[in-house]
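Order of appearance sets the numbers: ligands from 1, and atoms from 1 within every ligand. Computed from heavy atoms alone, side chains included, the values below leave out hydrogens, waters and symmetry copies.
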Amino acid sequence: MSDTIHHPLDDPATDPFEVAARAADDIARLTGVDRHDIALTLGSGWGKAADLIGETTATLAATDVTGFSKPALAGHVGSLRSVVTPSGRRVLVIGARTHYYEGHGVRRVVHSVRTAAAAGARTMVLTNGAGGIKPTWKPGTPVLISDHINLTGDSPLEGATFIDLTDLYSTRLRDLARRIDPSLDEGVYCQFRGPQYETPAEVRMAKTIGGHIVGMSTALEAIAARQAGMEVLGFSLITNMAAGIQTTPLSHQEVIEAGQQAEPVISALLARVIGEL
Ligand code: HPA
């Protein structure tokens, strides 16, 4: 069955928040957890964090939850997990990201964030694998996202919805993360549409306009999280130096491998941060 034809978010007459509320009801029913406190989206390289945060009490196929799409990529886990931390906080771990480049529209891209908010989460932790512009960031370096530049030309907001994005990537939460790892650097994340990697000229542009990280997710999700009133913490794993910064061609394989190598260390860091939230 194609899920593109009858997808509830594809009908412009549908209220995406109502779909998110239904998804949150599904999650409560299937996990047995009425409210989650924190939501965590796992990008490439961050997958192991879920095991380190606490005890997984339920794992759901994302496709069992209203409005979630099948993951486009093998290697992206299409699951949602409910995890309880040692201090009793409930974390909704989202391993099923829909990327903008899949072309299903921005409503589907931010559905997981809206669902997390509807499930009660007040904190949204967004992680990704991305290209680094700062030459000192070797592949495998985790960095905090301090701000973003949305180069998709799109928005999850519909109509005249004017939302303030000052301090979108919470200074408070970045400070908290740096207390755990003082070596964490930070930078401005530029979201390109993808799925092609950037040209060297696009990376130079990103640098010129104030970017330090290039990727294909996160900015649209962060906007939706702010709209939902959540506090956002963003992490990028630098999986590669951005095109033209490194002279060799980029490959998806390289990105996956850098993620796998860094995974134990950055997952442990992320778990510690989550434990302090
Ligand atoms: N550009 C965009 N997205 C990415 C990159 C990159 O260099 N590496 C991993 N995801």
Side-chain angles (χ1 to χ4, degrees), residues 40-49 71-78 94-104 106 109-110 112 125-154 169 184-223 234-267 269-270:
L40 164 63
T41 298
L42 295 175
S44 14
W46 299 91
K48 291 244 177 353
L73 269 183
H76 282 220
V77 207
I94 301 164
R97 177 178 255 149
T98 298
H99 284 91
Y100 188 65
Y101 58 69
E102 292 172 48
H104 297 308
V106 72
V109 171
V110 301
S112 61
V125 183
L126 297 168
T127 67
N128 61 53
I133 296 180
K134 279 200 195 176
T136 50
W137 292 343
K138 300 299 174 231
T141 308
V143 297
L144 289 162
I145 301 175
S146 59
D147 202 346
H148 79 220
I149 299 174
N150 172 10
L151 296 172
T152 66
D154 210 336
Y169 299 87
L184 274 171
D185 203 355
E186 64 178 30
V188 173
Y189 180 92
C190 293
Q191 181 174 358
F192 284 82
R193 181 196 183 281
Q196 70 283 352
Y197 292 116
E198 300 72 31
T199 62
E202 286 166 342
V203 170
R204 286 196 298 275
M205 175 195 76
K207 182 178 179 188
T208 303
I209 63 177
H212 308 103
I213 307 163
V214 289
M216 306 178 196
S217 66
T218 303
L220 295 170
E221 296 166 8
I223 296 168
F235 275 108
S236 289
L237 168 67
I238 303 303
T239 55
N240 56 279
M241 292 194 236
I245 307 283
Q246 73 174 40
T247 47
T248 49
L250 265 56
S251 77
H252 179 58
Q253 191 54 33
E254 169 194 7
V255 168
I256 299 291
E257 282 171 13
Q260 283 168 350
Q261 279 203 3
E263 197 153 34
V265 172
I266 62 170
S267 295
L269 166 66
L270 182 55

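Ligand-side atoms of ligand 1 in range of Leu250: 7 (O), range being under 4.0 angstrom from any heavy atom. Close approach of ligand 1 to Met216 is summarised as follows: ligand atoms under 4.0 Å from at least one heavy atom of the residue are 2 (C), 3 (N).
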Applying side-chain contact (heavy atoms from CB on, under 4.5 Å) to Ile149 and Val188, what does each step give before you reach the verdict? CA-CA 7 Å; Ile149 299 174; Val188 173; 3.8 Å; yes

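Between Trp137 and His212, the ring planes are perpendicular. Angles over 60° get that label, and only those under 30° would be called parallel.
No side-chain donor-acceptor contact under 3.5 Å links Asp147 and Tyr169. Judged purely by distance below 3.5 Å, without hydrogens or angles, the side chains of Glu257 and Gln253 pair a donor atom with an acceptor atom.
What sits closest to atom 9 (C) of ligand 1 on the protein, heavy atoms only, is Thr239 OG1, 3.4 Å. Looking from atom 5 (C) of ligand 1 to the surrounding protein, the closest heavy atom is Gly131 N, 3.4 Å. Protein heavy atom at the shortest distance from atom 1 (N) of ligand 1 is Glu198 OE1, 2.7 Å. Regarding atom 7 (O) of ligand 1, its nearest protein heavy-atom neighbour is Asn240 ND2, 2.9 Å.
Where the criterion is an N or O separation shorter than 3.5 Å, residue side chain and backbone included, Gly129 meets it with respect to ligand 1. The shortest N/O to N/O separation between Tyr197 and ligand 1 does not fall below 3.5 Å.
Across Gly211 and Ile133, no two heavy atoms sit closer than the pair O-CD1, 3.8 Å. In terms of heavy atoms, Gly132 sits closest to Ile245 at O-CG1, 4.2 Å.
Contact annotation: for Asn128 versus ligand 1, there are no heavy atoms closer than 4.0 Å. Proximity of Val214 to ligand 1, defined as any heavy-atom pair under 4.0 Å, is shared by backbone and side chain alike.
More than 12 non-hydrogen atoms from other residues, nucleotides or ligands lie less than 6.0 angstrom from NZ of Lys134.
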